[in-house]
Amino acid sequence: MRVVMFGFQTWGHRTLQALLASEHEVVLVVTHPKGEGAYEKIWSDSVEDLARENGVEVLIRERPEDQELLDALKAADPDVIVACNWRTWIPPQVFALPKRGTLNVHDSLLPKYAGFSPLIWALINDEKEVGVTAHMMDDTLDAGDIVLQRSVPVGPRDTTAVLFEKTLELFGPITVDGLAEIASGRTDFVKQDRSQASFFHKRAEEDLRIDFTWTAEELDRLVRAQCAPYPSAFCFHRGQRLEIIEADLSSEVYGGTPGRIFYREGDGVAIVAGAEARRGRSKALLVKKVRTADGTELKAHEYFKNMGGYLTSRP
């Protein structure tokens, strides 16, 4: 089939690699301009460069809404569009243009975690598996009929970086296999159960802020979700920003007020956590490594010279 691809960053790059190696003909690639945002600098393999290296025409767009692009799409005469990690709304005059529609590849197990940063949100929420969905695009974002879906388990100490590597391996194969289903003439794909749908926003600075009324289990997942190369979760100590870059759960139960710098346990320092911590039923967040406001990384025992005082959500 003749394929036009809309894609960006490493997800789009890996998908385009698979398309170029397949039996299909990639006749046009549309990608976003390089961005300066923190998340755009992560996993930043260039779809544009890969396309040009393989002699494929490239158009750069922030939004796919202009007449010039629409004319180029009509001239390309695609059988299908493939969209992967495209950051803005694709209008009906684009996604409905190909004879066989548009296949969108999304890194969650739809209908859950539609929208943005699904791996981070899923890890924070203690999901036991994550995955990738190939679905037909329609008027509602990430809501079209499911062509294929594949999952991987979330390990007990996985970080978002680990989950990224696990799910990235699924993108190329699910795209090519999804196109095979479309090429076969199938149209009876699986309707999404909208009663199970959830839609998540882009993550921003506020989403990294540590709230010690969360349980230690939740905070441990937040720290793992915001692992390098993503921006780290942060709090404040004595009015200065402090990033928590490695943590775990305490072995013991520590009661008291959330945020209290309490006790050295093993190679970490136990910070009281949880809205019910005063009842003495909660594990603590065992902080193991921090980064200070000047960028210095220190082991917890090096940074916390004395016990006592509090870590807070705001200065």
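Computed from heavy atoms alone, side chains included, the values below leave out hydrogens, waters and symmetry copies.
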Within one Ile-Leu-Val-Met-Phe-Trp-Tyr cluster: M5 and V30, side-chain cutoff 4.5 Å:
no
CD/Q9 to OG1/T15 distance, rounded to the nearest 0.5 angstrom?
12.0 Å
List the atom of L70, the atom of Q93, and the distance in Å for their closest heavy-atom pair.
CD1-O, 3.6 Å
Between L242 and I245, is there a shared hydrophobic cluster once you connect ILVMFWY residues whose side-chain heavy atoms come closer than 4.5 Å?
no
Kindly give the heavy-atom pair with the smallest separation between K283 and E252, and that separation in Å.
CD-O, 3.3 Å
So, are D79 and R100 salt-bridged, with charged N and O less than 4.0 Å apart?
no
To the closest 0.5 Å, what do you measure between CG (D211) and OG1 (T312)?
11.0 Å
Please step through side chain to side chain donor-acceptor pair (under 3.5 Å) for the pair H106 and S108, ending with a clear verdict.
CA-CA 6 Å; H106 179 72; S108 84; 3.2 Å; yes
Please name the pair of heavy atoms, one in L73 and one in P78, separated by the smallest distance, quoted to 0.1 Å.
O-CD, 3.3 Å
Side-chain ion pair, D207 and R209, N-O less than 4.0 Å:
no
Same apolar cluster: F164 and V223, side chain cutoff 4.5 Å
yes
Non-hydrogen side-chain atoms of E62 and T88 separated by less than 4.5 Å
yes
Would you please classify the geometry between the W11 ring and the W43 ring as parallel, tilted or perpendicular, with 30° and 60° separating the classes?
perpendicular
Just wondering, do C235 and S313 contact through their side chains at under 4.5 Å, heavy atoms?
no
Using a 6.0 Å distance limit plus a 45 degree cone around the ring axis, check whether R63 lies over the aromatic ring of W89.
no
Backbone N or O of A183 within a donor-acceptor pair of the R186 side chain at under 3.5 Å?
no
Check step by step if side chain to side chain contact (heavy atoms under 4.5 Å, CB included) holds for V3 and I81.
CA-CA 6 Å; V3 178; I81 290 175; over 6 Å; no
Hey, is the main chain of V56 close enough, under 3.5 Å, to the side chain of N54 for a donor-acceptor pair?
no
Give, for atom CG of L97 and atom CD1 of I90, the distance between the pair rounded to the nearest 0.5 Å.
12.0 Å
Mind listing the closest non-hydrogen atom pair of W121 and H201 along with its distance?
NE1-O, 3.2 Å
Quick one: CD on E53 to CG on L20, what's the gap to the nearest 0.5 Å?
10.0 Å
Distance only, no hydrogens: is a donor on one side chain within 3.5 Å (strictly under) of an acceptor on the other, for T296 and D294?
yes
Side chain K74, main chain L69, donor-acceptor under 3.5 Å
no
R241 to F234 six-membered ring, cation-pi geometry met (6.0 Å, 45°):
yes
Only residue of L119, T160, T159, L208 satisfying side-chain contact (heavy atoms from CB on, under 4.5 Å) with Y230 is T160
Should we say atom CD of Q67 is surrounded by more than 12 heavy atoms from elsewhere, each under 6.0 Å from it?
yes
Under 3.5 Å: donor-acceptor pair, side chain of Q192, backbone of I146
no
When rounded to the nearest 0.5 angstrom, what distance separates CZ in R61 from CD in E68?
4.5 Å
Can you tell me how the ring of Y254 sits relative to the ring of Y263, calling it parallel under 30°, perpendicular over 60° and tilted otherwise?
tilted
Apply side chain to side chain contact (heavy atoms under 4.5 Å, CB included) to residues E297 and V290 and explain how you reach the verdict.
CA-CA 6 Å; E297 293 187 10; V290 301; over 6 Å; no
Would you please indicate if the ring centroids of Y303 and H237 are separated by under 6.0 Å?
yes
Are a donor atom and an acceptor atom from the side chains of R194 and Q196 found within less than 3.5 Å of each other?
no
Which of these, N125, V130, T133, sits in a side-chain contact (heavy atoms from CB on, under 4.5 Å) with Y113?
N125
So which heavy atom on R87 is nearest to which on F8, and how close?
CG-CD2, 4.2 Å
Quick check against the 3.5 Å criterion: does E48 have a side-chain atom that pairs as donor or acceptor with the backbone of I60?
no
Is H301 reaching over with its side chain to a backbone N or O of G266, donor-acceptor style, under 3.5 angstrom?
yes
State plainly whether the residues K99 and D77 are in salt-bridge range, i.e. N to O under 4.0 Å.
yes
Quick check: do F304 and L311 have side-chain heavy atoms less than 4.5 Å from each other?
yes
Does the S250 side chain pair with the main chain of L286, one donor and one acceptor, at a distance under 3.5 Å?
no
Is E302 salt-bridged to K299, going by a charged N under 4.0 Å from an acidic O?
no
How about NZ on K112, more than 12 heavy atoms from neighbouring residues, nucleotides or ligands closer than 6.0 Å, or not?
no
Could you check L148 against R150 for side chain to side chain contact (heavy atoms under 4.5 Å, CB included), going step by step and ending with a plain yes or no?
CA-CA 7 Å; L148 289 173; R150 288 170 183 164; 4.1 Å; yes
Write down the atom of F212, the atom of L285, and the distance for their closest heavy-atom approach.
CE2-CD2, 4.2 Å
Can R157 and D220 be counted as an ion pair, charged N to O under 4.0 angstrom?
yes
Between the main-chain N or O of G7 and the side-chain N or O of T31, is there a donor-acceptor pair closer than 3.5 Å?
yes
To the nearest 0.5 Å, what is the distance between CG (L50) and CD (Q17)?
5.5 Å
Side-chain contact, heavy-atom cut-off 4.5 Å: F200 with S117?
no
Pair E169 + R14: basic N to acidic O under 4.0 Å:
yes
Please check if V176 and V147 belong to a single hydrophobic cluster, counting links between Ile, Leu, Val, Met, Phe, Trp and Tyr side chain heavy atoms closer than 4.5 Å.
no
Could you tell me whether the side chains of S232 and R291 share a donor-acceptor contact shorter than 3.5 Å?
yes
Applying side chain to side chain contact (heavy atoms under 4.5 Å, CB included), run through L222 and I210 and close with a yes or a no.
CA-CA 8 Å; L222 174 62; I210 293 174; 4.1 Å; yes
Non-hydrogen side-chain atoms of V269 and M307 separated by less than 4.5 Å:
yes
Is any side-chain heavy atom of H135 closer than 4.5 Å to a side-chain heavy atom of D142?
yes
Is there a donor-acceptor contact under 3.5 Å linking the side chains of T215 and E218?
yes
pair L19-T175: side-chain heavy atoms closer than 4.5 Å:
yes
With side chains defined as the heavy atoms from C-beta onward, is the minimum distance between F189 and I182 less than 4.5 Å?
yes
Indicate, with yes or no, if V152 and V132 share a hydrophobic cluster defined by side-chain heavy-atom contacts under 4.5 Å among Ile, Leu, Val, Met, Phe, Trp and Tyr.
yes
Could you tell me whether the side chain of N104 and the main chain of M136 form a donor-acceptor pair under 3.5 Å?
no
Flag the pair E217 and R221 as a salt bridge only when some basic side-chain nitrogen lies within less than 4.0 angstrom of an acidic carboxylate oxygen.
no
Whether the side chain of D158 engages the backbone of G155 through a donor-acceptor N/O pair (distance < 3.5 Å, no angle test) should be reported.
yes
